[in-house]
Amino acid sequence: MTAETRELIGAAGSLPIVRVGTRGSKLAVAQTRQFVERLAAASGRQFELVRVTTHGDVNRASLSTLGGQGVFATELREALRAGEVDLAVHSLKDLPTAPAPGLSLVAHPAREDARDALCARDGLTFAELPEGALVGTGSPRRIAQLRRVRPDLELRDIRGNIDTRLGFVEHGELDAVLLACAGLARLGREESVTDRFGLDEFPTAPGQGSLAIEAREGWVLETVTGGDGLALVDDAATRAAVDAERGVLNGLDAGCSAPVGVHAVVDGGVLRVHARVYGPDRFAEAHGEIEIDLGTVRDASVAIAGGMRGTRATGPMPDHEPDAVVVGAYAPAVLAAQLVSELFAQGAGEFIVE
């Protein structure tokens with residue numbers, strides 16, 4: 001952890017400063033700062049950004065070899081448990097689906113654009129990329145998707161932050177790179193986007209575009225008026241969607257770097273989710289789509305993130321016990337389990353190798 005500079009956000013007051021842990025990358029700090037500015041305005045509290053170096057930040061190996069299991073989260077979680085920070089801000093797609101003992105995901109702010117973006121030379125769209133074009137990405141899922149629809153492309157495994165990856169194109173080393181729309185937007189680099197991939201054909205990593213706010217179990221952010229500050233920034237529709245997506249990933253027993261694309265969306269009172277699991281060749285794929293009525297999703301989400309914060313229970317709130325959540329009955333979890341069964345029936349288990 002580094003402590004050379006102290007970055008405070010929000011007005012000072014009588015309550016203690018809240019320490020918020022973030023990775024030290026340019027994108028991580030930017031998205032954490034944007035979130036904390038909203039949280040400070042909503043809660044009236046003052047916050048301090050604390051930069052934490054993670055294993056994924058210093059190991060330059062391919063993500064496919066690192067495995068993606070917590071390489072960007074472990075050190076942040078250790079800082080939380082040690083009391084060095086009070087909250088941690090994660091990119092949800094980088095967070096393992098397994099529960100972290102002693103910690104809870106206490107808020108999911110409203111999601112950014114979940115799509116992938118093409119950033120190509122000369123303003124080229126995906127269809128306009130010439131045969132043999134050099135395209136860079138470090139994601140096994142993106143590689144599988146590209147090979148499926150454009151086997152003529154030459155794919156290159158790359159690492160690095162957004163500026164580094166865009167630099168490969170700007171300096172002529174690659175014809176294009178694939179990046180997340182959300183990250184580009186948070187860094188103000190949307191002008192680099194030359195095309196965006198539709199989520200029906202190109203579902204993205206579970207949780208892509210969403211942040212996860214984590215705290216120690218039982219920890220509550222008190223506002224200056226005595227309320228729960230985190231409840232003010234937790235978005236019920238986002239929570240339902242990402243719970244379903246991560247439920248699919250967990251049910252498949254797949255890691256963050258597995259060739260799995262899942263996207264869920266709340267449309268009115270219905271949650272729809274579709275998933276694709278990609279096999280070792282461009283023709284092998286398991287896919288499915290399913291939907292469920294979410295009449296209780298807002299109450300359930302509020303219960304999970306509010307009154308039941310820290311318990312990790314999931315489910316809609318029954319009428320006879322308004323502050324409880326029934327484990328196993330939470331609609332996104334039910335939906336994920338049904339979809340996982342469908343994917344396994346198509347051979348998805350054979351496509352996932354950890």
Side-chain angles (χ1 to χ4, degrees), residues 6-23 27-52 73 76-77 79-80 83-93 95 103-114 182-183 185-188 207-243 265-266 294 296-312 317 322-323 325:
R6 196 174 190 205
E7 182 175 351
L8 298 176
I9 297 175
S14 59
L15 295 174
I17 295 173
V18 180
R19 298 157 299 171
V20 182
T22 175
R23 290 174 54 205
L27 173 58
V29 172
Q31 65 190 20
T32 300
R33 183 182 295 120
Q34 291 161 14
F35 166 73
V36 170
E37 287 172 350
R38 295 194 297 271
L39 186 56
S43 67
R45 297 287 296 270
Q46 187 174 49
F47 299 81
E48 178 182 0
L49 265 58
V50 179
R51 292 162 173 79
V52 176
L76 277 168
R77 287 176 156 175
L80 263 179
E84 297 170 355
V85 298
D86 303 303
L87 294 171
V89 178
H90 305 279
S91 290
L92 184 57
K93 68 182 180 64
L95 205 58
L103 304 178
S104 294
L105 297 183
V106 292
H108 293 295
R111 191 178 207 167
E112 287 273 4
D113 190 341
R186 287 168 177 151
L187 282 180
Q208 182 162 310
S210 178
L211 299 181
I213 315 305
E214 195 167 38
R216 291 179 295 279
E217 286 186 350
W219 190 90
V220 176
L221 175 66
E222 182 183 356
T223 69
V224 292
T225 58
D228 182 357
L230 291 167
L232 301 175
V233 294
D234 187 63
D235 184 75
T238 295
R239 178 178 285 275
V242 300
D243 280 355
V265 62
V266 175
L294 278 184
T296 59
V297 63
R298 181 166 297 278
D299 287 342
S301 295
V302 169
I304 293 167
M308 297 294 289
R309 194 185 307 285
T311 66
R312 307 202 66 86
M317 298 196 303
D323 293 327
V325 178

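As the structure is a prediction and not an experimental result, all values here were calculated from the model.
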Checking S14 now: which residues fulfil side chain to side chain donor-acceptor pair (under 3.5 Å) with it, not counting sequence neighbours? none
So which atom in V266 and which in A237 form the shortest heavy-atom distance, rounded to 0.1 Å? CG2-O, 3.7 Å
Would you mind reporting whether L39 and L221 have side-chain heavy atoms less than 4.5 Å apart? yes
At what distance, to the nearest 0.5 angstrom, does CD of E7 lie from CD of E48? 9.5 Å
State the CG-CG distance between L87 and L49, to the nearest 0.5 angstrom. 11.0 Å
Are any side-chain N or O atoms of E112 and backbone N or O atoms of G209, one a donor and one an acceptor, separated by less than 3.5 Å? no
With S210 via side-chain contact (heavy atoms from CB on, under 4.5 Å) - residues at least two apart: L92, H108, R111, T238, V242
Does D86 have any side-chain contact (heavy atoms from CB on, under 4.5 Å) partners at least two apart in sequence or in another chain, and if so, which? V18, R19, R216, W219
Taking every heavy atom of D235 against every heavy atom of A110, the minimum-distance pair comes out as CB-N, 3.6 Å
Atom CG in D234, atom CG in L105: separation rounded to 0.5 Å? 10.0 Å
Across all chains, not counting sequence neighbours, the side-chain contact (heavy atoms from CB on, under 4.5 Å) partners of L232 are A42, T223
If every non-hydrogen atom of T22 is compared with every non-hydrogen atom of V29, which pair is closest and at what distance? OG1-N, 3.9 Å
Under the side-chain contact (heavy atoms from CB on, under 4.5 Å) rule, collect the residues that match up with E222, sequence neighbours excluded. R45
Heavy-atom closest pair (V52 atom, A79 atom, distance to 0.1 Å) is CG2-CB, 4.5 Å
Heavy-atom distance under 4.5 Å between the side chains of V50 and E84, does that happen here? no
If the condition is side chain to side chain donor-acceptor pair (under 3.5 Å), which residues does S91 pass it with, not counting sequence neighbours? Q31
Where L27 and G183 come nearest, the two heavy atoms and their spacing: CD1-O, 3.7 Å
Provide the closest heavy-atom pair for I17 versus F47 in the form atom of the first, atom of the second, distance. CG2-C, 3.9 Å
When rounded to the nearest 0.5 Å, the distance separating CD of E214 from CG of L95 is 5.5 Å
